[in-house]
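The structure appears right after this line, and notes come after that.
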Amino acid sequence: VTLKRERPLSPHLQVYRWQITMTLSILHRVTGVALVAGAFGLAWWLVAMAFVGEAWNTFNALATSPFGMVLLFGFSACLVYHLCNGIRHLLWDIGWGFEIPQLYASGWTVVALAVVITALIWFAALGGVA
Amino acid sequence: MSTNLKLRHPIANARGWGSAKGGTHHFIVQRITSVALALLVPWFVWTAVSLVGADYMTARLTLAQPFTATLMLAFVIALFWHAKLGLQVVIEDYVHRPWLEITLQLVNTFACLLAALASVLAIGRIVFTA
């Protein structure tokens, strides 16, 4: 007897109205994965610096190229967002901020902080505070 | 379960495949490394921005200072530990073919460990050949 009947699935992502909480949750994971690549970039930077030779020049040439700058900007934005939202996660871990209004407020605060801090970093990096 | 013609109870198939009793430790280490990174990332960003445009010797001498080198060591260790734990969960969540999952978990562990070791070695060389 082979009973092959399509069993009902529980409601999934598509039935939910958009909320900031879901977007920030997904972003936290996406930026985390992106930052793993950034971490390997950091390891490359350190190795290039330690073992003198063409490696340093190669790294610098890539990092200061338009493509490299876009990558660095992406990593910095991911880092700042992941840090801010990570602190939000740590606050949840100690039991703070589970009420819906608090969730939304902390979420928008994270977005605002991420934008402002990333902008400040690049303002400083591009000679704003020489 | 509709075609369960075996006399074994389905739970027998599940036993031994469940919790490895390692989840709490994973959770706690992820939090410890996240607190460390929350403290170290602002320092790292500050250091990185201050090195924008610096020539090779300036950058290398900055990293060779004991304070900078110590924090950079702490940073790369916490970073790759945190990265390994985070990527592990992502793989657990999305990869369900056993051989592929085990392969990716091994690649994740080895790659993060090797990158951490290479970074530590590089920082050591920068310090001891300053």
Side-chain angles (χ1 to χ4, degrees), chain A residues 1-5 7 28-53 55-57 59-60 63-64 69 72 75-76 79-80 82-90 92-94 117-118 120-130, chain B residues 1-3 5 27-28 30-31 34-35 37-42 44-46 48-57 59-60 62-64 72-73 75-76 79-80 82-87 89-91 93-94 108 111-112 114-129:
Chain A
V1 184
T2 49
L3 262 174
K4 259 205 157 180
R5 194 171 48 174
R7 302 176 72 86
H28 196 72
R29 179 161 277 202
V30 170
T31 53
V33 174
L35 285 169
V36 178
F40 281 92
L42 171 67
W44 179 20
W45 182 64
L46 290 168
V47 169
M49 190 188 289
F51 300 91
V52 193
W56 174 261
N57 294 331
F59 184 94
N60 254 357
T64 52
M69 296 284 270
L72 284 176
F75 284 138
S76 67
L79 185 65
V80 172
H82 200 85
L83 172 63
C84 292
N85 201 50
I87 290 169
R88 186 163 167 252
H89 268 275
L90 288 174
W92 291 336
D93 289 341
I94 58 172
I117 295 174
T118 306
L120 282 176
I121 288 172
W122 281 85
F123 178 72
L126 295 177
V129 284
Chain B
M1 275 225 295
S2 55
T3 58
L5 297 177
F27 180 93
I28 290 171
Q30 184 107 48
R31 266 48 182 194
S34 71
V35 171
L37 288 166
L39 297 169
L40 287 165
V41 163
F44 169 76
V45 170
W46 181 266
V49 168
S50 73
L51 287 176
V52 170
D55 61 23
Y56 177 75
M57 281 319 289
R60 193 173 166 128
T62 304
L63 246 77
M72 191 62 86
L73 273 177
F75 181 60
V76 292
L79 178 66
F80 281 109
H82 191 82
K84 183 263 168 190
L85 294 174
L87 214 51
V89 174
V90 173
I91 296 168
D93 282 355
Y94 302 130
N108 175 33
C112 286
L114 281 176
L117 288 173
S119 304
V120 169
L121 185 67
I123 295 166
R125 192 170 197 273
I126 290 166
V127 170
F128 294 123
T129 61

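Naming: A, B, ... by sequence-line order, numbering from 1 per chain.
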Exercise. Any side-chain heavy atom of B/Leu79 within less than 4.5 Å of one from A/Leu35?
Worked result: no
For [X] and [Y], which heavy atoms make the closest approach, and how far apart are they?
{"X": "A/Ala39", "Y": "B/Phe80", "result": "O-CZ, 3.2 Å"}
{"X": "A/Trp56", "Y": "B/Ala59", "result": "CH2-CB, 4.0 Å"}
{"X": "B/Ala83", "Y": "A/Val36", "result": "CB-CG2, 4.0 Å"}
{"X": "A/Ala43", "Y": "B/Ser119", "result": "CB-OG, 3.3 Å"}
{"X": "B/Val52", "Y": "A/Ala125", "result": "CG1-O, 3.4 Å"}
{"X": "A/His82", "Y": "B/His82", "result": "NE2-NE2, 4.4 Å"}

Problem set entry | chain A interface, residue from B/Leu51, B/Asp93, B/Val76, B/Thr129 that has the most non-hydrogen pairs under 4.5 Å | B/Asp93
Problem set entry | Distance in Å, A/Leu42 CG paired with B/Met72 CE, rounded so as to fall on 0.5 Å steps | 6.0 Å
For this session: Measure distances from A/Trp44 to the heavy atoms of chain B and classify the residue's part below 4.5 Å as side chain, backbone, both or neither.
Result: neither
For this session: Report the residue from A/Ile117, A/Leu83, A/Val80, A/Ile121 that forms a side-chain contact (heavy atoms from CB on, under 4.5 Å) with B/Val45.
Result: A/Ile121
Problem set entry | B/Trp46 atom CH2, over 12 foreign heavy atoms within 6.0 Å | no
Exercise. Is there a donor-acceptor pair under 3.5 Å between the side chain of B/Arg31 and the backbone N or O of A/Leu90?
Worked result: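 No; zero donor-acceptor contacts below 3.5 Å.
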Exercise. Given a strict heavy-atom distance threshold of 4.5 Å, which part of B/Ala111 is in contact with chain A: side chain, backbone, both, or neither?
Worked result: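 Contact with chain A is through both the backbone and side chain of B/Ala111.
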